[in-house]
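Naming: A, B, ... by sequence-line order, numbering from 1 per chain. Keep in mind that this is a model prediction, so the values were computed, not measured.
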Amino acid sequence: MKKEKAFLIDITECVGCGACYTACKEANNLPETSDDPLRDTLSDKTFTVIEQRGDYYVRQMCKHCFEPTCVSACPVGAFTKIEFGAVLYDESKCLGCRYCMQACPFQIPRYEWGSLNPRVQKCIMCYNRLLEGNIPACAEACPTGATTFGDRDEIIALAKQKIFDNPEKYYNYIYGLNEVGGTSVLYLSPIPFEELGFNTHLLQTALPNFTYEALSKIPTLVSVGGVLLTGFYWLTNRKNEIAREKFLEKTKSQTERSTDNE
Amino acid sequence: MNDFITRTLRPTFWKVVAVIIIALGIYTIYLRFTGGLAAVTNLSDHFPWGLWIGFDVLCGVGMAAGGFTLCAIVYIFNIKKYKPIIRPTILTAFLGYLLVIFALLVDLGRPWAIWHAIIMWNPHSVMFEVAWCVMLYTTVLFLEFSPVIIERFKSKKLLSFIKGITIPLVVIGILLSTLHQSSLGALYLIVPTKMHPLWYSTNLPWFFYLSAIAVGCAMIIFESYLSAKAFKKNLEFHLVSDIGRWIVVILSTYFTWRFVDLALNNKLTLLFFNSIETYLFWLEIIIGIVIPIAFLSQSRIRLNRVGLFVSACFVIGGFLLNRLNVSVTSLQASSGVSYLPSVYEIIITLFIVTIGVILFNLAVQYLPVYEKTKEGIPIEFEIITDENLKVESVK
Ligand code: SF4
Ligand code: SF4
């Protein structure tokens, strides 16, 4: 596994120019969906958007979570987290249950609703570019340094350094460091994150734990339950057998008596 | 024969309605498979699961719970007096599962890949568990129902084979149902922050399980009443009436657990919020739990055919509301969109219900589901094989 990568999105630096938006479209061969990157929304044809929130711009994309909820949710393992920490989707496995979409805490995966062979679509961290030794197209295109990309530990160090150097410029929090167990897209903001529309109620632990806890009880349930049910059957049936034996004895003695009478 | 044809073809109100629904349903399926999900549903990226998952799948599986509940009562706890109603109950469960699979085939984006779950495993996924439960339990239900079909075609060998494996089948069926009912609740464990706190709970699997048993019992009452009317099959009323007592016990447990759960998680204040969620929550609790408990705990109502039937209807109504609340209401706020099913989604749901009713009717007419022996003792779904053999040999 190649080193875990991460993005740092510094909202104080973003000017909303849309260079990342355009670069993403090109890198992923996505059709044009809007002439104004600030008006577009994430869709099966748009993997990143810039949303204007007051005076600031917030970039949206898949967070490539540390312990991705989508990966744990997919029944057939169509989602995987692989080298560089990229979360990828394999359409040849997918059966289209859309549990990944339901499960993602950031509401990221998009579906080709109009297609007869629909796929789930989202940012793939420009995996092919990473393999070639490049950085993702959006990070390369960003003219201001609002989006930077690198090894996750270095990116975290950089974010901390930025806050340390300029405490009056930044709100003292790195969004994504611990959200749902940590993500690979970290945000720095000048103001509290909830004021920018971030979901600040996310848990600080990985969500797959919740379902795993329930699933891990299955072996016990099946084995203990199986023994218990069979045991009950044996007990209750034993009672019946005794009753029947008694009944048979009684009828036998009755028949004997009736034959005696004759 | 001619007589038969004229009888089937004679239009009645319900037949006309059924034909219309089926025609619309087929048309909708055609649209679905020529234009994709977008052509017929109001689903969106923010609301990926709608009526089909909430009603057709969650409610469908729940209402089939009568099958395993009754099997447990009759075969495991050996309360034999319920044997006469076991066949129709298993039939309902079996048809229920077939229709759930049908609904899935319409709802899945790539239904032809449904078998992938057999070879591509992700044991960390609840959906994976659900997929296996559906496959395995449908097979078990088929085998449990098969004696009825085999009897019709009079194959003694097969019959004795199936009867021989019935106890293992019943045990496996109960285990699978337990897993399946609870796993449908477990599906939602992964959305702790998306789901409204009135419904989210780490005990969701248990809540789904308990409410499924309650509705399973209610379905037995519901069907017995309708079959008694429609097929003039007089099931012994006191049997059915006693099930009402079981419902009271199960619902009381369920009710207590849900409120204790809310209290322990400091959510009681949410009960008095002025929001649509709160109202729907109370509606669900009152219709599905409070009213049925109040009704069924009085023997006057429980021993009254109509009273019992109406109580069962309340249980079923509350159950449906609960599943729709979990799958739709509770996720509405966090999704940022307001989802209402499209006309086509509703048509498919009606279509499925209609097909279910028709198949049930056909099965009852052509298979010995309710048939009685010469002595007037109902043929049971007999599995206590050696018992029967012994009794026969004594004769
Ligand atoms: S943001 Fe959503 S889609 Fe992206 S990795 Fe995390 S859970 Fe998966
Ligand atoms: S829609 Fe596809 S990728 Fe998403 S969970 Fe279902 S099978 Fe997996």
Side-chain angles (χ1 to χ4, degrees), chain A residues 41-44 69 71-78 92-103 105 107 109-120 180 199 201-203 207-208 210-215 218 221-222 225-226 229-230 232-233 235-237 239-241 244 248 251, chain B residues 33-39 41 43-46 48-49 72 75-78 80 104 107-111 113-114 116-117 120-131 167 170-172 174-175 178-179 182-183 186-187 189-194 202 205 331 335-336 384 387 390-391 394:
Chain A
T41 49
L42 287 186
S43 72
D44 53 333
T69 319
V71 170
S72 102
C74 177
V76 289
S92 69
K93 289 186 174 173
C94 178
L95 41 91
C97 66
R98 312 186 293 282
Y99 189 35
C100 50
M101 310 178 63
Q102 185 73 274
Q107 287 193 316
R110 293 296 189 264
Y111 206 54
E112 297 180 323
W113 294 102
S115 163
L116 287 182
N117 193 11
R119 290 173 299 177
V120 178
V180 293
N199 182 351
H201 302 293
L202 289 177
L203 302 180
L207 303 183
F210 284 90
T211 37
Y212 188 66
E213 215 177 285
L215 286 168
I218 296 178
L221 198 116
V222 170
L229 289 173
T230 320
F232 252 110
Y233 164 73
L235 282 176
T236 51
N237 237 40
K239 242 190 265 166
N240 259 27
E241 261 162 45
R244 186 168 50 244
L248 288 183
T251 37
Chain B
F33 286 103
T34 50
L37 287 165
T41 69
L43 297 174
S44 65
D45 291 326
H46 292 280
W49 287 357
Y75 298 122
I76 301 299
F77 300 109
N78 213 351
K80 290 268 160 31
L104 281 174
D107 180 81
L108 287 178
R110 303 171 162 215
I114 194 169
H116 281 182
M120 301 169 188
W121 288 28
N122 178 13
H124 284 254
S125 163
V126 182
M127 192 57 93
F128 174 75
E129 184 196 349
V130 169
I167 287 300
V170 165
V171 170
I172 295 170
I174 295 171
L175 292 173
T178 306
L179 292 182
S182 58
S183 64
L187 278 179
L189 288 178
I190 208 154
V191 289
T193 48
K194 281 183 168 180
T202 43
L331 292 163
S335 74
I384 318 293
E387 184 187 23
K390 267 183 212 155
V391 171
V394 170

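- Put simply, of Ile218(A), Thr69(A), Thr230(A), the one with the most heavy-atom pairs under 4.5 Å next to chain B is Ile218(A).
- With a 4.5 angstrom heavy-atom cutoff, Val71(A) touches chain B only via backbone atoms.
- With a threshold of 4.5 angstrom between heavy atoms, Trp49(B) approaches chain A through its backbone and through its side chain.
- Using a 4.5 Å cut-off between heavy atoms, Ser125(B) contacts chain A through both its backbone and its side chain.
- For Tyr75(B) and Tyr233(A), the gap between ring centers reaches or exceeds 6.0 Å.
- The most heavy-atom pairs under 4.5 Å with chain A, out of Val171(B), Thr178(B), Leu187(B), Leu331(B), come from Leu187(B).
- Taking the six-membered ring where tryptophan is involved, the planes of Trp121(B) and Phe128(B) are tilted, since the angle between them lies from 30° to 60°.
- Using a 4.5 Å cut-off between heavy atoms, Ile114(B) touches chain A through its backbone atoms (N, CA, C, O) alone.
- By number of non-hydrogen pairs under 4.5 angstrom with chain B, the leading residue of Tyr111(A), Tyr212(A), Tyr99(A) is Tyr99(A).
- Atom-to-atom distance recorded for Glu112(A):CD and Arg119(A):CZ is 4.0 Å, nearest 0.5 angstrom.
- Each of Ser72(A), Ala214(A), Gly114(A), Cys94(A) has some count of heavy-atom pairs under 4.5 Å with chain B, and the biggest count is that of Ser72(A).
- Both the backbone and the side chain of Ser335(B) come within less than 4.5 Å of a heavy atom in chain A.
- Only the side chain of Pro192(B) has a heavy atom closer than 4.5 Å to any heavy atom of chain A.
- Proximity to chain A is limited to the side chain of Val191(B), based on heavy atoms less than 4.5 angstrom apart.
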Chi angles and distances behind the side-chain contact (heavy atoms from CB on, under 4.5 Å) call for Thr193(B), Leu203(A): CA-CA 7 Å; Thr193(B) 48; Leu203(A) 302 180; 4.1 Å; yes
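- Between the CG atom in Leu179(B) and the CD1 atom in Ile174(B) there is a gap of 12.0 Å [rounded to 0.5 Å].
- Defined by atom type and a distance below 3.5 Å, a donor-acceptor pair is present between the side-chain atoms of Trp113(A) and Asp45(B).
- Interface summary for chain A: among Asp107(B), Ile172(B), Thr202(B), Val130(B), the most heavy-atom pairs under 4.5 angstrom belong to Asp107(B).
- The candidate from Ser43(A), Cys97(A), Gly77(A), Gly225(A) with the greatest count of non-hydrogen atom pairs under 4.5 Å with chain B is Cys97(A).
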Evaluation steps, side-chain contact (heavy atoms from CB on, under 4.5 Å), between Leu43(B) and Arg98(A): CA-CA 11 Å; Leu43(B) 297 174; Arg98(A) 312 186 293 282; 3.6 Å; yes
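- A distance of 6.0 Å separates CG of Leu95(A) from CG of Leu108(B), quoted to the nearest 0.5 Å.
- Ranking Gly226(A), Pro105(A), Ser115(A), Ala78(A) against chain B, the residue ahead of the rest is Gly226(A), based on heavy-atom pairs under 4.5 Å.
- Atom CE in Met127(B) sits 11.5 Å away from atom CG in Asn122(B) (nearest 0.5 Å).
- The distance from the CZ atom of Phe77(B) to the CG atom of Leu229(A) is 7.0 Å, given to the nearest 0.5 Å.
- The choice from Ala38(B), Pro48(B), Ser44(B) that makes the most heavy-atom pairs within less than 4.5 Å of chain A is Pro48(B).
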